[in-house]
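What follows is a single structure, written as structure tokens, with notes after it.
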Amino acid sequence: MKYLKVTVDVSQLPDYEVDVLVYQLGEIGFESFENLPNLLHAYIQQTELDPESLMQLLPNGYEIEEMPDKNWNEEWEKHFFQPIVIGNECVIHSTFHTDVPQATYDIIIDPKMSFGTGHHATTANMLSWILEDDMTGKRVLDMGCGTGVLGILAKKKGAASVLAIDIDSWCYENAQESAQLNQTDIEIQLGDASLLKGKNFDIVLANINRNILLNDMAAYVATLSAGGVLYMSGFYTEDIPAIAQCASDLGLTQVGVKEQNNWVAVKFVK
């Protein structure tokens, strides 16, 4: 996949306004950021860029550069991705790690270009929910699966079946590799919420972003059995009212929230 780098001069902005700008860029599809002295670099998949929205957000101008089509996570994987332990029960590490802590659930992830190693707060919050709740015998959907780490942990915790779906081909291939590395029998499909018609689950895990969640929540709820649970993450604390209102309109009840660095994972029951 090709990425674009947008560079913004933030030399005249106080820190809190830079934080607001990062949040706003995230809302229109930007995935990662480098906050340097006087400059902000923001990265987005080329296919996700909306020039009109970007121009409205940055009317004073910006520079844009097409990045080479390569595996941008490679250096991070090799030099910065360290094993992580979630809730003292689950360790996530890569195939190249040698000093790996012991835990009840051991998950191997080579993330390539996909999201989901447990280092980001959204993934960590979702993993914490899975560790806390009973997965035994459940039919689980991992929507927007990335590396497949959430579905893999659910399966290791006794889920009867797991379907992992992602719209990105890198993620689809990476989730397949992750399932093989962890010797977990999960089904992986390439596509979006349109694949859910006629399917039924006890648990839906959706770690995506606010706008997609709001757009596709009805499709998730339609697949849930009575008493089923929907876990959603990929948004901020201040987004909870909009998410909760949509969920309530669809007949869900909010029963819990996990928060880390202002990122949240919210649990709803049908």
Side-chain angles (χ1 to χ4, degrees), residues 1-3 31-34 43-48 67-131 135 140-157 159 161-191 205-209 231 233-234 260 263 265:
M1 65 185 77
K2 288 188 178 294
Y3 274 79
E31 298 179 9
S32 59
F33 305 89
E34 287 181 286
Y43 298 87
I44 188 172
Q45 291 184 42
Q46 189 174 45
T47 55
E48 297 298 313
M67 308 301 289
D69 189 11
K70 59 183 283 189
N71 185 346
W72 287 102
N73 277 358
E74 184 175 3
E75 288 302 309
W76 178 80
E77 289 177 28
K78 291 181 178 178
H79 302 295
F80 300 103
F81 171 27
Q82 297 299 318
I84 183 171
V85 177
I86 305 293
N88 297 319
E89 293 183 80
C90 176
V91 62
I92 301 170
H93 61 96
S94 195
T95 53
F96 51 78
H97 290 133
T98 55
D99 187 16
V100 179
Q102 297 297 304
T104 304
Y105 304 103
D106 185 292
I107 298 179
I108 305 170
I109 296 292
D110 285 341
K112 308 302 185 217
M113 288 292 291
S114 306
F115 183 82
T117 61
H119 289 76
H120 194 276
T122 57
T123 311
N125 286 334
M126 292 290 276
L127 290 166
S128 294
W129 273 125
I130 296 169
L131 288 170
M135 300 286 132
V140 176
L141 168 66
D142 181 1
M143 195 70 202
C145 64
T147 62
V149 65
L150 300 183
I152 289 168
L153 179 58
K155 187 66 175 177
K156 284 179 176 286
K157 282 206 68 191
S161 63
V162 174
L163 173 61
I165 297 176
D166 206 293
I167 198 169
D168 189 287
S169 59
W170 279 84
C171 296
Y172 170 73
E173 294 170 6
N174 198 179
Q176 288 183 316
E177 178 182 324
S178 298
Q180 292 172 357
L181 284 173
N182 291 278
Q183 299 180 347
T184 48
D185 180 21
I186 65 175
E187 181 182 356
I188 302 158
Q189 294 185 7
L190 177 65
L205 308 165
N207 181 19
I208 310 179
N209 66 54
Y231 303 84
S233 190
Q260 186 180 143
W263 292 97

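Keep in mind it's a predicted model, so treat the numbers as computed, not measured. Sequence positions, counted from 1, serve as the residue numbers for this chain.
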ask   = With sequence neighbours excluded, what pairs up with E173 under the side chain to side chain donor-acceptor pair (under 3.5 Å) test?
value = none
key: Test side chain to side chain contact (heavy atoms under 4.5 Å, CB included) applied to Y3 and Q46, step by step   = CA-CA 5 Å; Y3 274 79; Q46 189 174 45; over 6 Å; no
request  = Calculate, to the nearest 0.5 Å, the distance between atoms CD1 and SG belonging to I167 and C145 respectively.
outcome  = 11.5 Å
key: Pairwise distance CG(N182) to CG(D185) - rounded to 0.5 angstrom   = 12.5 Å
request  = Quick one: pull up CG in L127 and CD in E89 and give me the separation to the nearest 0.5 Å.
outcome  = 11.5 Å
message = Nearest 0.5 Å, please: how far is CG in N174 from CG in D168?
response = 9.5 Å
query = Shortest non-hydrogen contact from D166 to G144?
reply = OD2-C, 3.2 Å
remark   = side chain to side chain donor-acceptor pair (under 3.5 Å) filter on E187, not counting sequence neighbours, yields Q189
Any donor-acceptor N/O pair, W129 side chain to Y231 backbone, under 3.5 Å = no
message = List the residues meeting ring-ring contact (aromatic ring centres under 6.0 Å, His included) with W263, not counting sequence neighbours, and say none if there are none.
response = H120, Y236
message = According to side chain to side chain donor-acceptor pair (under 3.5 Å), who are the partners of T95, at least two apart in sequence or on a separate chain?
response = D110
ask   = Within the side chain of S178, is there an N or O that forms a donor-acceptor pair under 3.5 Å with the backbone of T147?
value = yes
key: Exercise: identify the closest heavy-atom pair between I152 and A179   = CD1-N, 4.0 Å
query = How close do L150 and M126 get, heavy atom to heavy atom, and via which atoms?
reply = CD2-CB, 3.7 Å
key: side chain to side chain contact (heavy atoms under 4.5 Å, CB included) against S128, all qualifying residues, sequence neighbours excluded   = I86, K258
ask   = How would you list, by chain and number, every residue that makes a ring-ring contact (aromatic ring centres under 6.0 Å, His included) with Y105, sequence neighbours excluded?
value = none
message = Donor-acceptor pair, distance only, cut-off 3.5 Å: does the side chain of K155 make one with the backbone of V162?
response = no
remark   = Value for CD (Q260) from OG1 (T123), rounded to nearest 0.5 Å, stands at 10.0 Å
ask   = Quick check: does any side chain N or O of S94 sit under 3.5 Å from a backbone N or O of I109, one acting as donor and the other as acceptor?
value = yes
request  = Tell me, please, which residues at least two apart from Q176 pass side chain to side chain donor-acceptor pair (under 3.5 Å).
outcome  = Y172
query = How long is the span from the CD1 atom in I84 to the CD1 atom in I107, to the nearest 0.5 Å?
reply = 11.5 Å
request  = Only counting residues at least two apart or in another chain, list the ones meeting side chain to side chain contact (heavy atoms under 4.5 Å, CB included) with V100.
outcome  = V91, H93, H97, D106
query = What is the minimum heavy-atom distance between P101 and D99, and which atoms define it?
reply = CD-O, 3.8 Å
message = Just so I know, are the side chains of N207 and L205 near enough to count as touching, which here means a heavy-atom distance under 4.5 Å?
response = no
inquiry  = Checking side chain to side chain contact (heavy atoms under 4.5 Å, CB included) between I165 and each of L190, L141, D142, which is the one that passes?
reply    = L141
